[in-house]
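The next block holds one structure in the form of structure tokens; read it before the comments.
Positions are given from 1 along the sequence.
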Amino acid sequence: MTLTALLLVAAALIGIGLYGALSQQSFVMLMMGLELMLNGVLLAAVGFWSLAAGGAPAGQLLVIITMAVMAVEMAVGFALIAAVYRNRQTDMTESLDTMKH
């Protein structure tokens, strides 16, 4: 697979994720859109690492660290969604006009 093809797939993932993040009203779907965008960025980074940089170990380490940060970010995000749902009994973004209780 060429670098151009990988970057096109990465751009498609970022575009689909952006559309999903901006068009959905559910917190869970919003988080899924953000996850798709981050996966597109990771795919582009892996493509540059493996095809342009010759597979340097620094690029591989960067991707692994980014994946770990993504996992922590999603865990914290879903914990916040669960906390909001317990307090407000809703998971829609428009029904939460203020975060005060």
#### Entry: Reference residue Leu13; test side-chain contact (heavy atoms from CB on, under 4.5 Å); the match among Leu36, Leu8, Leu38
Leu36
### Query
Going by heavy atoms in the side chains, are Leu18 and Met37 under 4.5 Å from each other?
yes
### Query
Which is it for Met74 and Leu34 under the side chain to side chain contact (heavy atoms under 4.5 Å, CB included) test, yes or no, and what are the steps along the way?
CA-CA 9 Å; Met74 286 297 145; Leu34 291 174; 4.3 Å; yes
### Query
Same cluster or not: are Leu22 and Met32 linked, directly or through other Ile, Leu, Val, Met, Phe, Trp or Tyr residues, by side-chain heavy atoms under 4.5 angstrom apart?
yes
#### Entry: Qualifying residues under side chain to side chain contact (heavy atoms under 4.5 Å, CB included), relative to Tyr19, sequence neighbours excluded
Ser23
### Task
Using the rule that two of Ile, Leu, Val, Met, Phe, Trp, Tyr join whenever any of their side-chain heavy atoms come within less than 4.5 Å, decide whether Trp49 and Met67 are in one cluster.
yes
### Query
What residues form a side chain to side chain contact (heavy atoms under 4.5 Å, CB included) with Leu6, not counting sequence neighbours?
Met1, Leu43, Leu51
### Summary
For Gly40 and Ala10, the nearest pair of non-hydrogen atoms, with its separation, is O-CB, 3.2 Å
### Message
Is it true that, when you exclude Met70 itself, more than 12 heavy atoms of the residues, nucleotides or ligands shown sit nearer than 6.0 Å to its CE?
### Response
yes
### Query
Are Leu80 and Phe27 close enough, and set up right, to give a side chain to side chain contact (heavy atoms under 4.5 Å, CB included), and what steps lead you there?
CA-CA 10 Å; Leu80 287 172; Phe27 280 121; over 6 Å; no
### Query
What are the two closest heavy atoms between Gly77 and Met31, and how far apart are they?
CA-CE, 3.5 Å
### Shortest non-hydrogen separation from Thr66 to Leu62 and the atoms involved
OG1-O, 2.7 Å
